Structure formats: structure tokens, C-alpha cells
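Right, one structure below, let's go through it.
As the structure is a prediction and not an experimental result, all values here were calculated from the model. Side chains included, hydrogens not; waters and symmetry mates left out as well; all remaining heavy atoms used. For reference, positions follow the sequence shown, starting with 1. First listed ligand is number 1; within each ligand, the first listed atom is number 1.
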Amino acid sequence: MNRRTGLAGSFRNAFRGIATALRSEPNARIHLAATGAVIAAGYWFRCSPGEWAVIAIATGFVWTAELLNTAIEKSMDLLHPDHHPLVKNIKDIAAGAVLLAAIAAVVAAGCIFLPKIL
Ligand SMILES: Nc1ncnc2c1ncn2[C@@H]1O[C@H](COP(=O)(O)OP(=O)(O)OP(=O)(O)O)[C@@H](O)[C@H]1O
């Protein structure tokens, strides 16, 4: 924690970072819509506390991957704006992390909601 910023300032900066990602990344807005849909489904199907815990972990995992991916993309754009095969590898690997997190979240959602629907 930055002493001059303080705890409230650190939270403000973190929320500002999330808002920046939401404004600049279409994928982050897709995650936001998906998060809203999953929360609505959780209420609709009256999920148990254990199911809510899985939903929270899976959703947080996807958001964490997306925000880190965005930070890596922006870092690379700042450090090396020109086309470079290594930048491509770095960005593709970061995007791969988001994809894996999203697949895991879809599997978790399927395990929770499919038995309630079928
Ligand atoms: N400087 C670069 N050099 C080489 N390839 C790049 C470079 N910038 C982007 N790319 C390629 O284009 C893809 C998309 O990069 P971009 O920075 O536009 O992210 P994005 O469109 O926000 O993608 P994402 O869906 O991963 O968030 C990268 O995964 C990479 O394959």
C-alpha cells in the first residue's frame, strides 16, 4: 500500500483500473454481462451457499485473468508499440489464460445449472 495514497486511495485506484478496463476492453463488457446473467440465474434457481461459492470463485478467476491480460496488453503497447513476434507470443499467452479461465467457468456453470434445467 502506498503510504501517501492510503487505504481508501488504493481502493479508489483499483476501482478506477476496473473501470478503465471496462471502458477500453469489449471482452471485459462481455464478462460483465456474463457475470450479471450468472448472478441472476443463481437467484432464479435458488443456488445453495456452496454453489454460490463456486460461482464467486469461477467469476473472480475470469475477471482476474481478464484484468491481468489487459494490463499485459497495455504494458506491451507502451513498451513495444511496433509489431514483434515476441509481443505476439506474450499477448497470445495472456489471452490464452483468459480463455482457460472462461472455459473453466463455463464448465462450473454447466455443473451447477444444467442439472437444474434438465
Ligand atoms: N505489437 C504486436 N506484435 C505482434 N502481434 C501483436 C501485436 N499487438 C497485437 N498483436 C496480436 O494481435 C492480438 C490482439 O492484440 P490486441 O492488443 O489488439 O488485444 P485485443 O484485441 O484486446 O485482444 P484480446 O482479445 O486478447 O483482449 C494479440 O493476441 C497478438 O496476436
Report the C-alpha distance between E51 and R46 in whole Å, list the side-chain angles of each, state the deciding distance to 0.1 Å, and finish with yes or no for salt bridge (charged side-chain N to carboxylate O under 4.0 Å, His left out). CA-CA 9 Å; E51 289 169 333; R46 298 175 193 278; over 6 Å; no
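Between W52 and Y43, a ring centre-to-centre spacing shorter than 6.0 Å is recorded.
Between K116 and C47, some side-chain heavy-atom pair lies under the 4.5 Å cut-off. Inter-residue side-chain proximity for D82 and H80 is flagged as met; some heavy-atom pair is nearer than 4.5 Å.
Shown here is F45, whose CZ atom has more than 12 heavy atoms of other residues, nucleotides or ligands within 6.0 Å. Shown here is R12, whose CZ atom has no more than 12 heavy atoms of other residues, nucleotides or ligands within 6.0 Å.
In this structure, ligand 1 sits under 4.0 Å from heavy atoms belonging to E25, N27, N69, E73, D82, H83, H84, V87, K88, K91, D92, A95.
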